[in-house]
Protein chains: 2
Amino acid sequence: MQSKADLFPSDLARLADAARALSHPARLAILQTLAARGTCVCGDVVDELPLAQATVSQHLKVLKQAGLVRGEVDGPRSCYCVDSEALREVADAFVDFLGPLLDSPPASSSDCGAGECC
Amino acid sequence: MQSKADLFPSDLARLADAARALSHPARLAILQTLAARGTCVCGDVVDELPLAQATVSQHLKVLKQAGLVRGEVDGPRSCYCVDSEALREVADAFVDFLGPLLDSPPASSSDCGAGECC
DNA sequence: ATCGCTTATCGTCGCTATACGATAGCACAG
DNA sequence: CTGTGCTATCGTATAGCGACGATAAGCGAT
């Protein structure tokens with residue numbers, strides 16, 4: 001693509017990347033599974049999800065590239081675990097972004113809160 | 001797609017949809033612009049972004065379908081505004097999802113917090 | 001060294017997303 | 001009624017995502 005995505009502020013780009021990593025139910029389910037079981041073994045995740053092993057591996061790759069998950073190849077079975085710190089940063093980033101958008105002026109000028117607009 | 005996405009719990013699917021709506025810098029920038037200016041006019045957004053009018057309109061459509069933005073066609077100029085309530089719900093949903101993933105057992109069994117895993 | 005189990009990667013397919021120009025629709029000014 | 005300006009939609013092209021089977025790669029057990 002001509003990917004206009006690079007034309008935006010880097011903080012928006014980073015937040016968008018994080019959101020993209022979370023934009024698939026399978027990846028959310030993977031995060032939940034990893035967090036629920038201390039177990040970080042890939043096979044367990046595959047058993048838990050209605051997806052093929054290759055697909056799960058790809059989702060894990062996405063999550064790892066997004067920095068939400070850390071993985072260590074411990075021989076036959078790979079070890080995955082949620083990166084709590086990164087996840088917290090993502091949560092903060094969302095709050096920082098969404099927060100300022102919420103404080104619409106209580107009953108002021110150009111707020112279109114009710115039903116009438118502008 | 002063969003869209004395995006339907007095979008997951010609906011709450012995950014909804015959160016994933018919200019994340020998908022936020023997964024593009026242009027849409028984040030649009031939300032910021034709509035919130036910053038009380039102005040909800042589409043043309044202003046087009047001026048602010050390095051995108052064509054048609055593209056902005058499509059992004060607005062996505063945001064509207066995701067329920068993050070409300071739009072009323074007030075004749076020549078369409079009126080868009082951030083749906084604060086929906087945005088708050090999304091923020092809460094993210095917190096509800098990410099929160100439980102953060103409280104890794106302080107210093108317990110199978111946590112792979114440090115650098116060693118499983 | 002070989003087998004078996006687990007995981008990562010490759011190649012492919014179809015669908016979706018992104019982006020744009022061009023076109024159609026709509027309200028107001030004249 | 002006829003412009004004029006703004007927006008939505010259509011059509012299209014390219015790029016990327018999601019999914020899978022098949023294959024390769026790694027380590028432990030035999």
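Sequence lines set the chain letters: A, B, ... in the order given, protein chains first and strands last, and positions in each chain run from 1.
Between B/Asp44 and B/Thr33 there is no side-chain heavy-atom pair separated by less than 4.5 Å. Side-chain contact between A/Asp11 and A/Phe97: absent, with no pair of heavy atoms (C-beta onward) separated by less than 4.5 Å. Residues B/Leu22 and A/Leu15 are not in side-chain contact: their nearest non-hydrogen atoms beyond the backbone lie 4.5 Å or more apart.
If B/Arg27 and A/Lys64 are placed on DNA chain C by their nearest nucleotide, the residue sitting closer to the 5' end is A/Lys64. The residue among B/Val46 and A/Val62 whose nearest nucleotide of DNA chain D is located toward the 5' end is B/Val46. Mapped onto DNA chain C by nearest heavy atom, A/Gly43 and A/Arg20 fall at different nucleotides, with A/Gly43 at the one closer to the 5' end.
Side chain of B/Arg27 to backbone of B/His59: no donor-acceptor contact under 3.5 angstrom is found. Formation of a donor-acceptor pair under 3.5 Å by the A/Thr55 side chain with backbone atoms of A/Leu51 is not found in this model. No side-chain donor-acceptor contact under 3.5 Å links A/Ser57 to the backbone of A/Ala54. Under the 3.5 Å distance criterion, the side-chain polar atoms of A/Arg70 are left unmatched by any main-chain donor or acceptor of A/Cys81.
The nearest whole Å value for the distance from the NE2 atom in A/His24 to the P atom in C/dC15 is 15 Å. Rounded to an integer number of Å, the gap from CD1 of A/Ile30 to P of C/dT7 is 13 Å. Between A/Glu72 atom CD and D/dC27 atom P there is a gap of 14 Å when expressed in whole angstrom units. The distance between atom CG of B/Leu63 and atom C1' of D/dA8, rounded to the nearest whole Å, is 16 Å. Protein atom NZ of B/Lys61 is 15 Å distant from nucleotide atom C1' of C/dC20, rounded to whole Å. The distance from atom CG of B/Leu22 to atom P of C/dT18 is 12 Å, rounded to the nearest whole Å. Counting to the nearest Å, the C1' atom of D/dG18 and the CG atom of A/Leu28 are 15 Å from each other.
Near DNA chain C, meaning a heavy atom under 4.0 Å away, the residues from residues 48-60 of chain B are B/Leu51, B/Ala52, B/Ala54, B/Thr55, B/Gln58, B/His59.
At C/dA8, one or more side-chain N or O atoms of A/Ser78 fall inside 4.0 Å of OP1 or OP2 (strictly under the cut-off).
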